[in-house]
Number of protein chains: 2
Amino acid sequence: MTSIKDIAREAGVSISTVSYALNGSSKVTEETTARILKIASELNYVPHAAARSLKRKQSNIIGIYLTDFSGNFYGELLQGVKEFLHQSHYDLIVCSGLHSHRMIPERILDGAIILDETFSDEQLIAYADQGHKLVVLDRELNQANINQVLLDNKAGATLAMDFLLKHGHRKFYVITGPKGSYDVKQRLHAVKQAVERNPQLEYIELEGDFEKQSGEAAAKQIIDEYNQPVAVFCLNDEMAIGLYNYVKDYSSLIIGQHIHIIGFDNIELAQYVQPRLATIDYSMRKWGALASEQLLKIIAGKPVDHERIYVSLVEGESVTNRPALSL
Amino acid sequence: MTSIKDIAREAGVSISTVSYALNGSSKVTEETTARILKIASELNYVPHAAARSLKRKQSNIIGIYLTDFSGNFYGELLQGVKEFLHQSHYDLIVCSGLHSHRMIPERILDGAIILDETFSDEQLIAYADQGHKLVVLDRELNQANINQVLLDNKAGATLAMDFLLKHGHRKFYVITGPKGSYDVKQRLHAVKQAVERNPQLEYIELEGDFEKQSGEAAAKQIIDEYNQPVAVFCLNDEMAIGLYNYVKDYSSLIIGQHIHIIGFDNIELAQYVQPRLATIDYSMRKWGALASEQLLKIIAGKPVDHERIYVSLVEGESVTNRPALSL
DNA sequence: GGAGCGAATCGAAACGTTTCTATAAAACTG
DNA sequence: CAGTTTTATAGAAACGTTTCGATTCGCTCC
């Protein structure tokens, strides 16, 4: 592996001269620079990242942490981040798994975007206190040195509730997500507020975990208890799909007729299932872009505001008017 | 940021002693070790990755390169890699983008898994020659120091052709993928062989790029030319979905009746579209696990064989018997 | 009780860069 | 042309580790 030293020897100059030349400093003559560059390329020289970041105290790498890679959920988000970062001199890497948390304190990353419940709030605050640059997407920390780009979960859940109401639904289930999740809390909160505003509303909470399979489990219970048309608000689309699967495979109930379903996230699949899943949409791409923009600002030491991503309703035939008379 | 030096000062020992203690060397007394460990944790010490890998000449990070993050294609693969690597002391990061190629020669990674057409064969061979550890998933390099885990593309395409044949289809389209792609070449080759074996077969090649949108473009042409039931072999599912969308939205032709479609990959969506897409399945998870296993072996300097991933047919109602009489 | 030994610890070099300061030569001054 | 400034290059320290080869110390042994 060739180093700056080899180039220096070959060119008959000192290593400092080589370093200056490689970094395009005007201190070195054009000829010398040219000669050094030529030799460097002949020797296939590539700087050693570790050595460089040891000295420079930065790596030019930023990381994004996701709970897991599966699901079709993250593609757009990553695309947004990647596109934004492309204009900068930062490289993006995607990290997942408890193990890889280490890259933050070990200073492999110049900054990180966190959408990963496996970090605890305390952990993140501690990292930030030690000077690591973070943007969080899945929690509200209100910590001076951490930035956050949040989804307008409340608005989304409210849209969903209004949509159910508008179609005459009064009795409904909510399939929740991971207990600790900020998004879940926010969405649930909005549901409760809607119920307070409309006392004729009545709902049952079923515990889910944002995975398809927990939608299936909920479906089982809903079918067991079924005696009249009901609505279901799934706190994410993935579980709604699970619900679809189970209802279709193990019951004669019809979605959009006996069971009315609305989800959250507008994942790609939502438009392919039959009937089209009603859901809440937001631009994941924009979310990613905004998050990376914030992160770069933080790294550069600029002041930033907390941002919020707006949401909208996507109508779907999975929710229709409830027949005036039930049973 | 606290370093080994701070600990040494605090503990009143030399930095070498601290280093030994932190690395659990038996050279240091248990008491001293305990004292040092305590101080280290009080000071929130975390080793500086760059310094360490500079000295150790390894980073304990392995990377996987993907052409892009979008699409639902990679989730399972990544899961497989992640699961396998979890037992090791290596961390996984996902990289994408021309820019991030640099991490290989810059020695940020101890090894890489490549499923990314944006690398050229020459580039990869050059890297391998310089001693970087690589496993490639999307090409056949037959280079002593690069390993590969390949899909049995030919078997897959042959299965698909047989399936069409069995249902009486004689005239069909093939929607191809990116020109340079190894997978595409292999799949196309198998198609040609099938045609040679069955001279009554006849096909038209349409160029695609593995993206949904190119399936739509192909659909347009197929519909324009339509005069009797045809079959279409899409070289991946993503394009098949595009084909579905266009046919449903802009024609009155029925999939599985006028247009018979088979794909490749068995992505999650394939089971949700109506009618279910016939396709070729293989275990992405296993692919990922095998690739990482190979990579770790290479890194450890052990000999490895090239492996192959087997495929199977998934029947779907997107292909049915061709009516005996056409038009 | 000094030689020899093993155990615990230390000092220093090294990894590959960057960058500050020093030095020598060249280019200006008046 | 002696004195000063500028320019090109060299030397060396530093970044935070690891690790090799000392050094010190308390023992045992004859």
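Order of the sequence lines sets the chain letters (A, B, ...), proteins ahead of strands, with each chain counted from 1. For clarity, every value in this text was computed on a predicted model and none was experimentally measured.
One finds no side-chain N or O of A/Arg52 lying less than 4.0 angstrom from the OP1 or OP2 phosphate oxygen of C/dG16.
Looking at heavy-atom distances under 4.0 Å, A/Ser3 makes contact with sugar-phosphate atoms alone, never a base. At the heavy-atom level, A/Ser16 lies under 4.0 Å from base atoms of the strands shown. Heavy atoms of B/Val18 sit nowhere under 4.0 angstrom from any nucleic acid atom.
In this structure, the CD1 atom of B/Ile4 is 15 Å from the P atom of C/dG11, given to the nearest Å. A/Leu22 has its CG atom 7 Å from the P atom of C/dT18, to the nearest Å. One interatomic measurement links the two molecules: CD of A/Glu106 to C1' of D/dT17, which rounds to 12 Å at whole-angstrom precision. When rounded to the nearest whole Å, the span between CZ of B/Arg56 and P of D/dT19 equals 7 Å. Remark: P of D/dG16 and CD1 of B/Ile7 are 12 Å apart, rounded to the nearest angstrom. The distance from atom CG of A/Asn23 to atom P of C/dG16 is 17 Å, rounded to the nearest whole Å.
The overall bend of the helix from C/dG1-D/dC30 to C/dG30-D/dC1, read as the angle between its terminal helix axes built from five base pairs each, is 60° when rounded to 10 degrees.
Atom CG in B/Leu37 sits 11.0 Å away from atom CD in B/Glu42 (nearest 0.5 Å).
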Working for ring-ring contact (aromatic ring centres under 6.0 Å, His included), residues B/Phe119 and B/Tyr65
CA-CA 9 Å; B/Phe119 283 93; B/Tyr65 282 85; 5.0 Å; yes
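With A/Ser181 contributing its side chain and A/Val184 its backbone, the two residues share a donor-acceptor pair below 3.5 Å. Of the possible donor and acceptor atoms, one in the side chain of B/Ser100 sits under 3.5 Å from a partner among the backbone N and O of B/Ser96. Judged by distance alone, the side chain of A/Ser19 and the main-chain N or O of A/Ile15 form no donor-acceptor pair under 3.5 Å. Checked by atom type and distance alone, the side chain of A/Trp287 pairs as donor or acceptor with a backbone atom of A/Val149 at under 3.5 Å. Between the A/Asp209 side chain and the A/Gly177 main chain, no donor and acceptor come within less than 3.5 Å of each other. Judged by distance alone, with hydrogens and angles left aside, the side-chain atoms of A/Asn147 form no donor-acceptor pair with the main-chain N or O of A/Val135 at under 3.5 Å.
A heavy-atom distance below 4.5 Å is found between the side chains of A/Leu295 and A/Ile62.
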Below 3.5 Å between N/O atoms, which protein atoms pair up with nucleotides 13-15 of chain D? Just atom names and distances, please.
unit_1: D/dA14; atom_1: N3; unit_2: A/Lys55; atom_2: NZ; d: 2.9
unit_1: D/dC15; atom_1: O3'; unit_2: A/Lys57; atom_2: NZ; d: 3.3

Which protein N or O atoms sit under 3.5 Å from an N or O of nucleotides 5-9 of chain D?
unit_1: D/dA8; atom_1: O3'; unit_2: A/Thr29; atom_2: OG1; d: 3.2
unit_1: D/dT9; atom_1: OP1; unit_2: A/Thr29; atom_2: OG1; d: 3.4
unit_1: D/dT9; atom_1: OP1; unit_2: A/Thr32; atom_2: OG1; d: 3.0
unit_1: D/dT9; atom_1: OP2; unit_2: A/Thr29; atom_2: N; d: 3.2
unit_1: D/dT9; atom_1: OP2; unit_2: A/Thr29; atom_2: OG1; d: 2.6
unit_1: D/dT9; atom_1: OP2; unit_2: A/Thr32; atom_2: OG1; d: 3.2

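The pair B/Arg35-B/Glu31 does not meet the salt-bridge criterion, since no charged nitrogen lies less than 4.0 angstrom from a carboxylate oxygen. Under the 4.0 Å criterion applied to side-chain N and carboxylate O atoms, A/Lys133 and A/Asp110 are not assigned as salt-bridge partners.
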